[in-house]
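If you read the sequence from its start, that first residue is 1, and numbering goes on from there.
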Amino acid sequence: MSAKPSTVTVTGPDRGALMANLTVRFGRVEVVSERQIALPGGGSGWELTVEHRPFVSNVAASPVGGVRARLRGTSSGGTAPA
């Protein structure tokens with residue numbers, strides 16, 4: 001199942017820093033639009049609009065304890081070896 005993409009618009013003086021920040025926050029992003037703008041205070045900058053898909057998992061939601069037990073190789077509710 002593919003989640004619907006989300007669109008985010010950001011502005012700042014450094015295009016590279018904006019892209020790096022977006023990639024760290026959202027993973028893979030696709031630039032929808034970009035343009036040079038005048039920032040408040042008179043400096044030049046960038047406005048980037050990107051699209052990203054939310055992180056999704058094929059693993060069914062389960063209580064945290066059940067996940068920890070499975071990661072340790074025991075069944076849910078079992079006792080993990082020390």
According to a 4.5 Å side-chain heavy-atom criterion applied to Ile, Leu, Val, Met, Phe, Trp and Tyr, with indirect links allowed, do Val32 and Val8 form part of one hydrophobic cluster? no

Quick one: are Leu18 and Trp46 in side-chain contact, heavy atoms under 4.5 Å? yes

Do Val29 and Met19 make a side-chain contact, defined as non-hydrogen atoms from C-beta onward lying under 4.5 Å apart? yes

Could you measure the distance from the OG1 atom of Thr49 to the CZ atom of Arg35? Nearest 0.5 Å is fine. 8.0 Å

May I ask you to test the Pro13-Leu39 pair for a side-chain heavy-atom distance under 4.5 Å? yes

Straight-line distance of Thr7 OG1 to His52 NE2, nearest 0.5 Å: 8.0 Å

Is it the case that one hydrophobic cluster holds both Val10 and Val31, taking links as side-chain heavy atoms less than 4.5 Å apart, direct or via other members? yes

Minimum heavy-atom separation for Arg15 and Glu34, please, with both atom names. NE-OE1, 2.8 Å

With the side chain counted from C-beta on, respond yes when Thr9 and Leu48 share a heavy-atom pair under 4.5 Å apart, and no when they do not. no

